[in-house]
Every structure is written in C-alpha cells, then in structure tokens.
There are 2 protein chains.
Amino acid sequence: MPMRSVDIERVRALPLFQCAAQRTFDNLIAGAFLQKFPAGTTLLMEGDPVDFLYVLIEGLAELQGTWNDKETTLAVLRPVSTFILAAVVLDADALMTARTIERSDILMISGESVRRAMKEDAGFAVAVAEELSGCYRGLVRTVKNQKLRGASERLANYLLAEQVSQGGGPTLILPHEKRVLASLLGMTPENLSRAFANLTDYGVTVNGPQVTLLRPIALDRLAKPDRLIDSHLQPSAARVGMADRECRASAAGTIGALN
Amino acid sequence: MPMRSVDIERVRALPLFQCAAQRTFDNLIAGAFLQKFPAGTTLLMEGDPVDFLYVLIEGLAELQGTWNDKETTLAVLRPVSTFILAAVVLDADALMTARTIERSDILMISGESVRRAMKEDAGFAVAVAEELSGCYRGLVRTVKNQKLRGASERLANYLLAEQVSQGGGPTLILPHEKRVLASLLGMTPENLSRAFANLTDYGVTVNGPQVTLLRPIALDRLAKPDRLIDSHLQPSAARVGMADRECRASAAGTIGALN
DNA sequence: CCCAGCGCTTGATCAATATCAAGTGGGCAA
DNA sequence: TTGCCCACTTGATATTGATCAAGCGCTGGG
C-alpha cells in the first residue's frame, strides 16, 4: 500500500520524527507500510510479541487491558498518534490489546528498524525519550484521576476536556460509543448513564452522542480540574518548542500517543 | 558531600548508566551531589519545576499525588532506583511529590546535564528511552491492577509479589507502614485491615509487619497473578540483556525506577 | 512509672458502584 | 415495511468500599 505524500508529511511532522535526520526518517518509512482496517479489527493482542510501531493516520483506535474475563479501556487514540512505542523500544510483549473503533488507516513501521534508528541517530533517540516521557506522564495523570476522583467527577472533567479539544463551544459530540467512554472512565455503562443524570443539575444535557454544557462555571466547580491531572489546561502559553508535546496526553480521556 | 566509590559503582551499574560512555557518566557525576535526608522529608512538591534527576541509593522513598485534599501513593521506591526521569527529560513540572519514608541517601544529578548528555551520547539516550519504557509499562500494569481487580485481589497479588522479592520463603516483612500500603493499593487503612482479615481463609497470617503465607496455592488461586499485570513472574529466564530491566517495575507494589 | 499519641483494628453505618432485570428506541436487514 | 438486534436507560437490589466512632497496644517523653 503506497503512502500518499500528504500522509508522509503528517508523519514527518509528528514530534517523534520532527527532529530525526532525513536519512533516519527515510529508512524508517522505507520498510513501513500503510494499511486500512475496518472498524472492530484487533491489531494486536495483549501478550503478543510486538513487531511494529503503529501510527494511527486516520480513524479511531482503542487500547484495552484484560484480566479474569474483565476488560477495561486504557486509552482512545485519535489521529495522528503513535502507539505501542514502549514495547517496541524494549522488544517486549504487548501489555494491551489494540483495536480499531472506526475504519482506520494505520502506518506500521518495523520495530527492529526503530531500535536501529535510535542507536544511530541521537536526535531520534532523544525524540523517542521525549515521546515516552509524555506518555508516561499521561499515565500518571490517568492513575491520579482514577484513584483520587469519583465517577461523576471523572465524567465532568472528561466533558470539560472534550469541550476545549472540540473548540470550546457549549456543545460537544462524544467521539465513540458511551460504553467505551464508560470503560475508559472506569465505570459500567449503567453507571455512566447515572453519572450523566447527576450532572443535569450542573447544566449538562445529553442527546444521543451530543452533549451540551449549559453551566460551565457550575460544572467546573464540581469537576475541579487540575493542571497536574488534566492536561488540557496547561499554563505554558509560551514555550511552543519541544516540551509541549506532553499536552497531547489527557488523563481523563483520550491519551494521545499512548504505548 | 563526596560520594563513596562503592556508591559510584552502584550507580554506574544501573541499566540507565551502564551503556553510557565513560565520559558521559563522568560529566553527569561531576555536577552531582549525594545527600542524606531524614525520614519524612519532602524532596520535591507536586507542581514544582524539576531541577534534578534523583537516584535513591539507600533508604526508602515514596511518590504521591494529591487532589482536592485527598492524597494517594503512586509508588514506593527502594534502592537503587532513579525517579522523576520523565519530568527531567521534558524539563517539566513534577506531577508527583517525592517524600522519604526512611532516612535516605539520595544522589541528585543536574537535569540540565542529563538533557545535554542525551543529545551528545546516543547510547545514553537509548538507555533513557529504555528506562522510560520500563517505567511506562510499570504504570500500565498499575492501571490494569487498579481498574480490573478488587481490593483483596490487589492485596493478595501484592503479597505474592513481595514474597518472591523477599526470597520466596513463607514469611515476609512489610517494608513500611500499613497506611502507606493501603494508599498504594488504593484503599483506606480500615479496608486494608479487613482485606487482610479476608485473606485469613487463604492462609494469610499477620503479626505486626510480619506476614506469613501458609497456603500459597490457595492464595494464588484467589490472586490469579498475570504476567501482563504482575511483573514478578516474567517468563524470560533467557535474555538477561537489555530488555529485562522492565522486570523491576511492579504493578501491585513497589514500582522500581518510577518517574 | 504513667500518660499521651499514634498506628492499627473492629464494628456500625453510610455512600458509591456493580449487578440483575426490564423496557425503550433507533438502525439495519430481510 | 416489519422485525430483530443492540446500545442505552431506568429501577431494584446486592456488593463493595468509605466514613465515623471506639478501643487496643505499643512507644517515647515527662
């Protein structure tokens, strides 16, 4: 499957590849291939060896973990993000299952060549370390979110985060099924319904996948968003350089570039 | 505070520094200093800028997160481990506060010099990426542990993990106060007591900080440890090379080398 | 030696979340 | 169009975990 040059540029523009030498980048792309997957495809199973670094170019994907016949969503990924980086770096087995939620275009880069590129190109190795740092911090936020907040607080913060990521208007569209959201937020679908019902008093109106926040101030007072948990409200209006990439990782919701 | 050469060697032997060029290592150590802290000292507050990479040489330390006057322990660190690496790499604010639990010897390495070393020494940059990958995967395990298991299951797995890390004998010593363990496992101290009580039927006897596992098979059947959550039972008896460093990260309990 | 404080436990109660069981409505296929 | 399936909702109930309130036992200071 040949890559369109538009897509190559989008990948090249990722923080992960921005600082790589042109030669490094060309080598990585040379052995890579772009593939289309229908919705609901399992890309990689928990416990399997990882042969590729994945880059979601278009569509929507999900990372989930399993234990004892229970299942939980660890992250929902949107374009453009890489995933499974940590396993690739260590040449280890996957700790999470990766699944497409929508029909998706996914770039697969040989894991072996990624490891080689790191050794040969210090700039790229640094970029990998920075990417992983961002992913790591995203997960720290996730754990804090999970351990310190109750269900409706998690939902409230998710909604506020989605609101800004969707332009700041009063109404936002849930990007996937509510059942996935429930799992992501660490509750049952039934409880998500009830959590939405609780937020009615705070001006939250639900209409299918469309949610409207009528009293953002009230909702905010309930949610108590925190820059050390919710990455959407970062103070650094300055510094648009290297270090801001962590901003893409969100604790309550979509964790960009999760591995 | 001059470092003993014994300690220098212990640091040098860390996976993080093993592959670094001698020159890189010397530079890093040159600007570093070793400091002793009494128990209960706050090394770094959540939200503060991070100026140093910390290496716990001796003692016991804790990483905790806060929100809305609630507090949770994210990890308990034992020697020798590094922490706050991710924040150092990104030159970002700390997401967790770091506290000593016991009197501790801590090596502090300039963050600026770490970032410089990464750019100049690809081998070191790769090691940083590998370390971060291990930390990342440790946190993935933590999240799965937290979201998929109930309180007594988490405790049971913690005990089994501690047992192997303390030599595999039937009796083990809790390395810190039970209240810290409770917070680490995501429950209240009261509930930890009750969780211990529940495990009585599975041969768990508690006597102060000393815990004996009389029926390991029964306990194991309850705990259902999983190599994709509990890092203590890794299959890789082979491959003692680079990639095994992740083994030090444990989901249920002490996450070595957490950042 | 005694007492105060603290960590831990235990019991009673309460709140939060999960589970079970219908029931509704929309979309898709026959 | 009809009818079924599936996501979602809602209610009733069960379970789990948190909170509140004593009480116990060890330790360190007076």
Side-chain angles (χ1 to χ4, degrees), chain A residues 38-40 60 62 67-73 76 99 101-103 145-159 173-201 204-211 222-223, chain B residues 38-40 60 62 67-73 76 99 101-102 145-159 173-201 204-211 222:
Chain A
L60 206 59
E62 177 190 12
W67 180 77
N68 199 226
D69 298 320
K70 280 193 272 283
E71 200 173 274
T72 191
T73 299
V76 171
R99 237 186 93 254
I101 288 180
E102 298 175 354
R103 179 170 198 284
N145 190 44
Q146 192 67 39
K147 288 178 78 176
L148 293 168
R149 303 216 258 229
S152 1
E153 291 162 339
R154 292 198 294 275
L155 175 57
N157 279 290
Y158 173 87
L159 292 176
I173 307 293
L174 300 177
H176 44 71
E177 289 176 322
K178 293 205 182 78
R179 48 188 302 282
V180 175
L181 178 58
S183 181
L184 180 67
L185 296 180
M187 59 184 105
T188 58
E190 294 95 321
N191 259 332
L192 176 61
S193 270
R194 289 187 254 268
F196 268 119
N198 290 340
L199 297 186
T200 303
D201 301 340
V204 176
T205 309
V206 185
N207 204 307
Q210 173 183 306
V211 181
L222 170 71
Chain B
L60 206 59
E62 176 189 16
W67 179 76
N68 199 226
D69 298 319
K70 280 194 271 283
E71 199 173 273
T72 192
T73 298
V76 172
R99 237 187 90 253
I101 290 179
E102 296 176 354
N145 190 44
Q146 191 67 38
K147 287 179 78 176
L148 293 168
R149 302 216 260 228
S152 1
E153 291 164 337
R154 292 199 293 274
L155 175 58
N157 279 292
Y158 173 86
L159 293 175
I173 308 292
L174 300 177
H176 44 69
E177 290 177 321
K178 293 206 182 78
R179 48 189 301 281
V180 175
L181 178 57
S183 181
L184 181 65
L185 296 180
M187 58 185 106
T188 57
E190 293 96 321
N191 259 332
L192 177 61
S193 271
R194 289 187 254 268
F196 268 120
N198 291 339
L199 297 186
T200 303
D201 303 340
V204 176
T205 309
V206 185
N207 206 305
Q210 174 184 303
V211 181
L222 171 71

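Model, not experiment: these values are computed from the prediction. Per chain, numbering begins at 1; letters A, B, ... match sequence-line order. Basis for what follows: all heavy atoms, side chains included, without hydrogens, waters or symmetry-related copies.
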request  = Only counting residues at least two apart or in another chain, list the ones meeting side chain to side chain contact (heavy atoms under 4.5 Å, CB included) with B:Asp201.
outcome  = none

message = Going by the rule salt bridge (charged side-chain N to carboxylate O under 4.0 Å, His left out), which residues pair with B:Glu190 if we only count those two or more places apart in sequence or in a different chain?
response = none

key: Counterpart residues, side chain to side chain contact (heavy atoms under 4.5 Å, CB included), relative to A:Asn68 (two or more places apart)   = A:Lys70, B:Lys224

message = Among residues at least two apart in sequence or on other chains, which ones pass salt bridge (charged side-chain N to carboxylate O under 4.0 Å, His left out) with B:Glu153?
response = none

message = Using a 4.0 Å cut-off to any heavy atom of chain B, which nucleotides of DNA chain D are the first and last in contact, reading 5' to 3'?
response = D:dG17 to D:dC20

message = Keeping B:Lys178 on the side-chain end and B:Gly208 on the backbone end, is there a donor-acceptor pair under 3.5 Å?
response = yes

ask   = So what is the end-to-end bend of the helix from C:dC1-D:dG30 to C:dA30-D:dT1, with 5 pairs used at each end and the value given to 10 degrees?
value = 30°

task = Taking side-chain hydrogen bond (donor to acceptor under 3.5 Å, both in side chains) as the test, write out the residues that go with B:Ser152, two or more places apart.
result = none

remark   = side-chain hydrogen bond (donor to acceptor under 3.5 Å, both in side chains) filter on B:Thr73, not counting sequence neighbours, yields B:Glu62, B:Ser183

ask   = In chain order, what residues pass the salt bridge (charged side-chain N to carboxylate O under 4.0 Å, His left out) check against B:Glu177, with sequence neighbours excluded?
value = B:Arg179

key: Listed partners of A:Ser193 passing side-chain hydrogen bond (donor to acceptor under 3.5 Å, both in side chains), at least two apart   = none

request  = Would you give a per-nucleotide map of nucleotides 16-26 of chain C, 5' to 3', where B means the base has a protein non-hydrogen atom under 4.0 Å away, S means only the sugar-phosphate does, and - means neither?
outcome  = -SBBB------

side-chain hydrogen bond (donor to acceptor under 3.5 Å, both in side chains) against B:Glu102, all qualifying residues, sequence neighbours excluded = none

